[in-house]
Chemist: 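Here it is: the structure, laid out below.
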Amino acid sequence: MFKIFLLKKRYIFVTLFILLCIGCVSNNKEIYIGNKDSGRIENFDSVEIRKRHLDYLNAIRQERGLTNLQISNSLNSSAATHARDIFKQQRAWNFGSDGSSPQKRAEISGFKGVVTGENVSETYEGEFLVLQVWVKNSFSRSVLLNKEATHLGLGWYQQDNGKIWWVQVLGLQK
């Protein structure tokens, strides 16, 4: 009975933490929700989008006793490049049009370490909702919850019709 009480208390704490993070990072700025509600993603602060995504993901990781991730500019670059590439391929997958792997793209972008996983998606949703989709998928969730990961990169490309090609790269920096 005491364990159930502690689990409920932990769930309440994590929920409150996520709500606090949402309130703290908004700074009275509009939050990108998705195309039909928010418009073009380029009209929003990319640093804030990445920070919110990182905060949401770290709350999920903390709930499971995992360490927080840090933003990596080189992984951001790798993710953004791959997002544009999968748009051109019209296929959300982990292979570059040149046959490159997530590891090779990260190295080209200057990441000194090992890529622990990459998630991709094509959607009209914002950075929080795409994270929810990845959490619900067992493979994507295993990437998000990799205990060895230390760094995160997030990139996107938005088509004229509003569809967003998201790429999230996690890695262990050496």
Chemist: May I ask you to test the Arg105-Ile108 pair for a side-chain heavy-atom distance under 4.5 Å?
Modeler: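 Arg105 vs Ile108: side chains apart.
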Chemist: With distance as the sole test, does Arg84 use its side chain to make a donor-acceptor pair with the main-chain N or O of Ala80 at under 3.5 Å?
Modeler: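 Such a contact is absent between Arg84 side chain and Ala80 backbone.
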Chemist: Which atom names give the shortest non-hydrogen contact between Ala149 and Thr116, and what distance separates them?
Modeler: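 Result for this residue pair: CB-OG1, 3.6 Å.
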Chemist: Considering only heavy atoms from C-beta outward, does the side chain of Glu42 approach that of Gln158 to under 4.5 Å?
Modeler: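 No, their side chains stay 4.5 Å or more apart.
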Chemist: Would you compute the distance between atom NZ of Lys51 and atom OH of Tyr56 and round it to the nearest 0.5 angstrom?
Modeler: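 Atom-to-atom, Lys51:NZ and Tyr56:OH are 10.5 Å apart.
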Chemist: Roughly how far apart are Leu75 CG and Leu69 CG, rounded to 0.5 Å?
Modeler: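 Answer rounded to 0.5 Å: 10.0 Å.
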Chemist: In terms of hydrophobic clustering (I, L, V, M, F, W, Y; side-chain heavy atoms under 4.5 Å; direct or indirect links), are Leu145 and Val114 co-clustered?
Modeler: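 Cluster IDs for Leu145 and Val114 differ.
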Chemist: Sequence neighbours left out, cut at 3.5 Å: what donor-acceptor pairs do the side chains of residues 166-174 make with other protein atoms?
Modeler:
{"residue": "Trp166", "atom": "NE1", "partner": "Glu125", "partner atom": "O", "Å": "3.1"}
{"residue": "Gln168", "atom": "OE1", "partner": "Asn119", "partner atom": "ND2", "Å": "2.8"}
{"residue": "Gln168", "atom": "NE2", "partner": "His53", "partner atom": "NE2", "Å": "2.9"}
{"residue": "Gln173", "atom": "OE1", "partner": "His151", "partner atom": "NE2", "Å": "3.3"}

Chemist: With sequence neighbours left out, write down each residue that passes side chain to side chain donor-acceptor pair (under 3.5 Å) with Ser74, or none if nothing qualifies.
Modeler: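 For Ser74, the residues satisfying side chain to side chain donor-acceptor pair (under 3.5 Å) (neighbours in sequence not counted) are Ser72.
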Chemist: Is there a side-chain contact between Thr123 and Val133 (heavy atoms, below 4.5 Å)?
Modeler: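 Result no, sub-4.5 Å side-chain heavy-atom pair not found.
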Chemist: Hey, are the side chains of Phe87 and Gln159 touching, using non-hydrogen atoms and a 4.5 Å cut-off?
Modeler: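 Touching, per the 4.5 Å side-chain cut-off.
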Chemist: Can you tell me how far apart OG1 (Thr81) and CD1 (Ile86) are? Round to the nearest 0.5 Å.
Modeler: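 Thr81 atom OG1 to Ile86 atom CD1 measures 11.5 Å (nearest 0.5 Å).
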Chemist: What are the two closest heavy atoms between Leu129 and Gln132, and how far apart are they?
Modeler: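 So the minimum-distance heavy-atom pair works out to CD2-OE1, 2.9 Å.
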Chemist: Write down the atom of Asn146, the atom of Arg61, and the distance for their closest heavy-atom approach.
Modeler: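 The pair with the smallest heavy-atom distance is O-NH1, 3.1 Å.
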Chemist: Any idea which heavy atoms bring Phe139 and Asn137 closest together, and the distance?
Modeler: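 Closest approach of Phe139 to Asn137, heavy atoms only: N-OD1, 3.0 Å.
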Chemist: Within the structure provided, determine whether Val120 and Asn94 are in side-chain contact (heavy-atom separation under 4.5 Å).
Modeler: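 Side chain of Val120 against side chain of Asn94, heavy atoms only: contact under 4.5 Å found.
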Chemist: Determine whether the side chains of Asn58 and Gln62 contain a donor N or O and an acceptor N or O closer than 3.5 Å.
Modeler: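 Judged by distance alone, the side chains do not pair up.
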Chemist: Just do the side-chain contact (heavy atoms from CB on, under 4.5 Å) check on Glu118 and Val143 with the steps written out, would you?
Modeler: CA-CA 7 Å; Glu118 179 181 75; Val143 170; 6.0 Å; no
Chemist: If every non-hydrogen atom of Ser78 is compared with every non-hydrogen atom of Ala106, which pair is closest and at what distance?
Modeler: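 Shortest heavy-atom separation between Ser78 and Ala106 comes out as OG-N, 3.5 Å.
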Chemist: Nearest 0.5 angstrom please: Trp165 CH2 to Gln89 CD, how far?
Modeler: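 Reported to 0.5 Å precision, the distance equals 9.0 Å.
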Chemist: Out of curiosity, Asp98 CG to Lys104 NZ, how far, rounded to the nearest 0.5 Å?
Modeler: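 Separation between the atoms: 9.5 Å.
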Chemist: In chain order, what residues pass the salt bridge (charged side-chain N to carboxylate O under 4.0 Å, His left out) check against Glu107, with sequence neighbours excluded?
Modeler: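 Here no residue qualifies.
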Chemist: Rounded to the nearest 0.5 Å, what's the gap from CD1 on Ile164 to OH on Tyr157? Could you check?
Modeler: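 Result: 12.0 Å between the selected atoms.
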Chemist: Can you tell me if Ser77 uses its side chain to pair, donor with acceptor, with the backbone of Asn73 under 3.5 Å?
Modeler: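 It does not hold such a pair.
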Chemist: Got a donor-acceptor contact below 3.5 angstrom from the Arg50 side chain to the Leu154 backbone?
Modeler: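 It does hold such a pair.
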Chemist: What's the shortest heavy-atom distance between Lys147 and Leu66, and which atoms?
Modeler: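 Closest approach of Lys147 to Leu66: CB-CD2, 3.7 Å.
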Chemist: Evaluate the criterion side-chain contact (heavy atoms from CB on, under 4.5 Å) for residue pair Leu144 and Ile60; output intermediate values, then yes/no.
Modeler: CA-CA 9 Å; Leu144 300 171; Ile60 293 166; 5.8 Å; no
